[in-house]
2 protein chains.
Amino acid sequence: MIRLNRLTDYAVVVLSQMGRDQDRVHTTARLAEDSAVPLPTVSKLMKQLARAGLVTSRRGAAGGYVLSRPAAQISVAEVITALEGPIALTACVDGAVDHCDVEALCAMRGNWNKVNRAIETALASVTLADMTVSPAEMFALPGRRPPGGKPAGMLS
Amino acid sequence: MIRLNRLTDYAVVVLSQMGRDQDRVHTTARLAEDSAVPLPTVSKLMKQLARAGLVTSRRGAAGGYVLSRPAAQISVAEVITALEGPIALTACVDGAVDHCDVEALCAMRGNWNKVNRAIETALASVTLADMTVSPAEMFALPGRRPPGGKPAGMLS
DNA sequence: TTAAAAACGGACGGATTTGGTCCGGTTTCA
DNA sequence: TGAAACCGGACCAAATCCGTCCGTTTTTAA
């Protein structure tokens with residue numbers, strides 16, 4: 001099972017939620033409540049997404065976050081990249097984020113890159129709008145999560 | 001960065017290595033030495049791959065492992081599946097391995113499945129033979145890893 | 001002008017996962 | 001019969017994850 005960060009999972013959920021009300025300013029408090037993701041976590045999430053330019057922050061009272069672009073123009077690939085760095089199936093972990101300093105020893109890498117590009121293409125073709133579902137479908141009990149339920153999303 | 005298990009990384013390296021000598025019986029000791037992956041780890045790896053049927057074990061003296069099929073007929077997708085379970089970009093973590101028991105709340109899942117299938121297709125089209133490189137390309141110093149070097153493979 | 005609302009940034013720490021080790025057992029060959 | 005090799009599972013240290021908790025800054029509205 002190729003794991004996605006849980007944070008990334010949340011991000012897709014929360015962003016999709018924002019996409020249902022494209023132009024409104026959403027506070028983290030509201031987003032947290034609606035998605036059942038803990039507030040400080042949503043906050044941390046949004047900060048990262050803002051830095052990546054996927055959402056725009058508006059500070060001060062009556063502030064919050066707005067999608068920088070329509071949901072239909074934000075791909076899942078972008079969300080993943082924003083939170084986890086470049087999309088790549090890799091186990092390269094020690095330093096060397098974008099460049100392998102023993103690349104000569106690492107001839108397999110070129111082959112992986114081919115695979116990675118294929119995966120990126122697949123992810124780039126799915127937008128947040130594609131992932132959006134109506135609230136009625138999302139939640140059995142509108143406005144109230146089932147007691148003891150886990151945060152919404154793709155979590156089982 | 002979508003992480004692959006490091007074990008899976010090793011597996012691709014080791015299996016590719018076996019592919020260069022398709023019919024020989026490879027001992028874990030030899031594979032470990034050639035790949036610079038610690039022996040007990042190679043051992044653990046091979047056990048899992050054997051269970052999945054990708055390699056066949058031969059016990060007893062002069063035993064070892066053999067590829068069950070030619071390298072050109074083993075896809076990277078199969079290796080991943082053998083070690084990490086079904087290929088899926090997912091954060092579903094709590095129990096519920098193959099079936100989400102709150103699937104009704106989890107409407108997004110269907111959309112993810114579409115993505116997952118695309119990724120699986122990409123991975124299924126790359127075989128171990130595609131990943132194989134000649135030993136000369138793999139190692140600058142044949143038979144000897146650079147001192148302090150990390151295990152070979154795609155590790156940086 | 002002041003108070004409240006909201007984002008910002010970063011440090012911290014507990015729980016989980018990972019991956020590496022070890023060891024006694026079993027099978028096969030010479 | 002002994003050595004070589006796989007088998008299987010318990011175990012533990014290290015790394016990672018993710019959620020929390022500060023104090024700070026910015027903006028709006030009373």
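Within every chain, numbering begins at 1; the chains are lettered A, B, ... in the order of the sequence lines, protein sequences first and strands thereafter. Just so you know, these numbers use all the heavy atoms, side chains as well, and skip hydrogens, waters and symmetry mates.
- Distance alone, capped at 3.5 Å, places no donor-acceptor pair between the A:Ser35 side chain and the A:Val14 backbone.
- A straight line from CG of A:Leu83 to P of D:dT16 spans 18 Å, rounded to a whole angstrom.
- Within the 4.5 Å cutoff, the side chain of B:Leu15 has heavy atoms near those of the B:Leu49 side chain.
- In this structure, A:Ile2 atom CD1 and C:dT18 atom P are separated by 13 Å, rounded to whole Å.
- Taken residue by residue, residues 39-53 of chain A places heavy atoms nearer than 4.0 Å to DNA chain D at A:Pro40, A:Thr41, A:Lys44.
- Although no hydrogens or angles enter the test, the distance criterion places a donor-acceptor pair under 3.5 Å between the side chain of A:Thr127 and the main chain of A:Ala129.
- Close to D:dC18, at under 4.0 Å from its OP1 or OP2, lies no side-chain N or O of A:Tyr10.
- What separates CZ of A:Arg3 from C1' of C:dG19 is a distance of 13 Å, to the nearest Å.
- Remark: the backbone N or O of B:Leu67 is not paired with any side-chain donor or acceptor of B:Gln22 at under 3.5 angstrom.
- Side-chain proximity of B:Arg6 to D:dT20, C:dC8, C:dG19: nearest is C:dG19.
- When the side-chain nitrogen and oxygen atoms of B:Thr28 are compared with OP1 and OP2 of D:dC6, one or more of them lie within a distance under 4.0 Å.
- Nucleotide D:dT20 holds its C1' atom 13 Å from the CG atom of A:Leu7, rounded to whole Å.
- Between the OG1 atom in A:Thr28 and the NZ atom in A:Lys47 there is a gap of 9.0 Å [rounded to 0.5 Å].
- Straight-line distance from the CG atom of B:Asn5 to the P atom of C:dT16: 19 Å, rounded to whole Å.
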Would you mind writing out the side-chain donor-acceptor pairs for residues 38-46 of chain A within the sub-3.5 Å range, not counting sequence neighbours?
none

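- Dashed line: the shortest gap from a side-chain N or O of A:Thr27 to OP1 or OP2 of C:dA5 is not under 4.0 Å.
- The shortest distance between side-chain heavy atoms of A:Ser16 and A:Leu128 falls below 4.5 Å.
- By the 4.5 Å heavy-atom criterion applied to side chains, B:Val76 and A:Val115 are not counted as neighbours.
- For the contact set between residues 58-71 of chain B and DNA chain C, defined by any heavy atom under 4.0 Å, the members are B:Arg59, B:Gly60, B:Ala61.
- In the displayed structure, B:Arg69 atom CZ is contacted under 6.0 Å by more than 12 heavy atoms of other residues, nucleotides or ligands.
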